[in-house]
Every structure is written in C-alpha cells, then in structure tokens.
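Comments concern the structure below.
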Amino acid sequence: QVQLVESGGGSVQPGGSLRLSCAASGGIFRLGAMGWYRQTPGSQRERVATITSGGSTNYADSVKGRFTISRDNAKNTVYLQMNSLKPEDTAVYYCNAQTYRTDWSLYDYWGQGTQVTVSS
C-alpha cells in the first residue's frame, strides 16, 4: 500500500507564496511521474504541473512563470513552489504519483488534498 501525504496549504494574500509538499511512502519499488492537480467546487480536476522521474516538467498555461514543480527522489517527495498567487489559484490541490512494483506493474495514487486560499 502506497500513501501520499500532502502539506503546506493555507491562506495567503494575493501576490504571496506557498510551498506544497507531497511525500510518498509504502510499498514502492520505483516512483515514476508525479504531479499536482487542483479542483474547485463544481469544476473538473485540472492538471497544474507534472514532473517525470528524470526531471522533465510540464505546466498549465495559467501557472507558467509563477509555479515551479520539483522533486527529491531520495525522499520520494514532490514539491510545488507557488509564487505571485492570484485569487483564481484558490482550490484544493491534489498530489498524484505513478508507482511501479517489482514486476513493473504500474499503479496510480492520489494524496488527500490540501486547501489553498488566496484572498485579501
């Protein structure tokens, strides 16, 4: 069983910054791509940023230049540095991870979600 534990959410004023983290633990043989997604009430979950095991990144157009995704493979942890936050960034942020077992079968896991609120 693999668990993803998120932390770092909270409330911040427009223009402020937050740093989210997500640590994976449990029966992990190899950790693949990881990413951050967000969702607001009544909306579909959208991809914010992803990062492969090799460090290649991809961002939603709405966050390019403001958010940075990174990972520490030794700690099985992915981060999302969020700068210049806007009210429209308000959402529940979910961590996602692809994991491999020893037979190289692939499994997908999600974190519990952490609330990010940007308001004045």
Side-chain angles (χ1 to χ4, degrees):
Q1 188 71 32
V2 174
Q3 296 84 40
L4 302 181
V5 180
E6 302 179 30
S7 62
S11 298
V12 66
Q13 295 185 120
S17 298
L18 286 173
R19 182 177 174 86
L20 307 182
S21 65
C22 173
S25 62
I28 302 173
F29 171 65
R30 183 64 60 86
L31 192 60
M34 304 182 79
W36 290 94
Y37 297 71
R38 65 188 182 188
Q39 187 171 24
T40 57
S43 70
Q44 295 184 335
R45 189 170 299 184
E46 67 171 339
R47 177 179 56 81
V48 176
T50 57
I51 184 168
T52 68
S53 60
S56 296
T57 59
N58 205 343
Y59 297 91
D61 288 341
S62 60
V63 307
K64 286 181 179 178
R66 300 188 298 120
F67 291 9
T68 302
I69 188 171
S70 62
R71 64 191 291 164
D72 185 336
N73 290 330
K75 297 181 178 180
N76 287 342
T77 300
V78 63
Y79 305 92
L80 185 67
Q81 179 67 46
M82 304 183 292
N83 298 327
S84 302
L85 283 162
K86 304 175 180 180
E88 51 262 45
D89 294 318
T90 296
V92 177
Y93 284 70
Y94 296 90
C95 173
N96 172 265
Q98 295 179 315
T99 65
Y100 296 90
R101 296 185 179 179
T102 55
D103 63 354
W104 295 104
S105 57
L106 180 65
Y107 293 83
D108 202 46
Y109 293 91
W110 291 91
Q112 80 279 11
T114 184
Q115 178 70 47
V116 171
T117 302
V118 184
S119 66
S120 58

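Every value quoted in this text rests on a predicted model; they were computed, and no experiment measured them. Just so you know, residue 1 is the first one in the sequence shown, and it goes up from there.
Minimum interatomic distance between Asn83 and Ser17 (heavy atoms only, all atoms of both residues): OD1-OG, 2.9 Å. For the residue pair Val78 and Cys95, the shortest heavy atom distance occurs at CG1-SG, 3.7 Å. Heavy-atom minimum distance, Val63 versus Val48: CG2-O, 3.7 Å. Considering every non-hydrogen atom in both Thr40 and Thr90, the closest pair reads CG2-O, 3.1 Å.
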Exercise answer: donor-acceptor pairs, residues 21-35 side-chain atoms, under 3.5 Å, sequence neighbours excluded:
residue: Ser21; atom: OG; partner: Ser7; partner atom: OG; Å: 2.7

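The salt bridge (charged side-chain N to carboxylate O under 4.0 Å, His left out) pairs that include a residue from residues 66-79 are Arg66-Asp89, where partners are two or more places apart or lie in different chains. Screening residues 44-78 for disulfide (SG to SG under 2.5 Å) gives no qualifying pairs among residues at least two apart or on separate chains. Each disulfide (SG to SG under 2.5 Å) pair with one or both residues in residues 29-59, not counting sequence neighbours, would appear here, but there are none. Residue pairs meeting the salt bridge (charged side-chain N to carboxylate O under 4.0 Å, His left out) criterion with at least one partner in residues 45-59, sequence neighbours excluded, are Arg38-Glu46. Residue pairs satisfying the ring pair (Phe, Tyr, Trp, His ring centres under 6.0 Å) criterion with at least one member in residues 30-80, sequence neighbours excluded, are listed as follows: Tyr37-Trp110.
In terms of the ring pair (Phe, Tyr, Trp, His ring centres under 6.0 Å) criterion, residue partners of Tyr100 (sequence neighbours excluded) are, by chain and number, Trp104. The salt bridge (Lys or Arg N to Asp or Glu O under 4.0 Å) test applied to Arg101 returns no partner, not counting sequence neighbours. Remark: Thr117 pairs with Gln115 by the side-chain hydrogen bond (donor to acceptor under 3.5 Å, both in side chains) rule, at least two apart or across chains. For Ser120, the side-chain hydrogen bond (donor to acceptor under 3.5 Å, both in side chains) criterion is met by no residue, not counting sequence neighbours. Residues satisfying the side-chain hydrogen bond (donor to acceptor under 3.5 Å, both in side chains) test with Ser70, not counting sequence neighbours, are none. Take Asp103 and apply the salt bridge (Lys or Arg N to Asp or Glu O under 4.0 Å) test, not counting sequence neighbours, and it matches no residue.
In this structure, Val12 is a member of the same hydrophobic cluster as Leu80, with clusters built from ILVMFWY side-chain heavy atoms closer than 4.5 Å. Under the 4.5 Å side-chain heavy-atom criterion for ILVMFWY residues, a single connected hydrophobic cluster contains both Leu18 and Ile69. One hydrophobic cluster holds both Leu4 and Ile51 under the rule that ILVMFWY side chains link at heavy-atom gaps under 4.5 Å.
Residue-environment remark: CD (Glu88) exceeds the threshold of 12 foreign heavy atoms within 6.0 Å.
Under the 4.5 Å side-chain criterion, counting only non-hydrogen atoms from C-beta, Leu20 is in contact with Val116.
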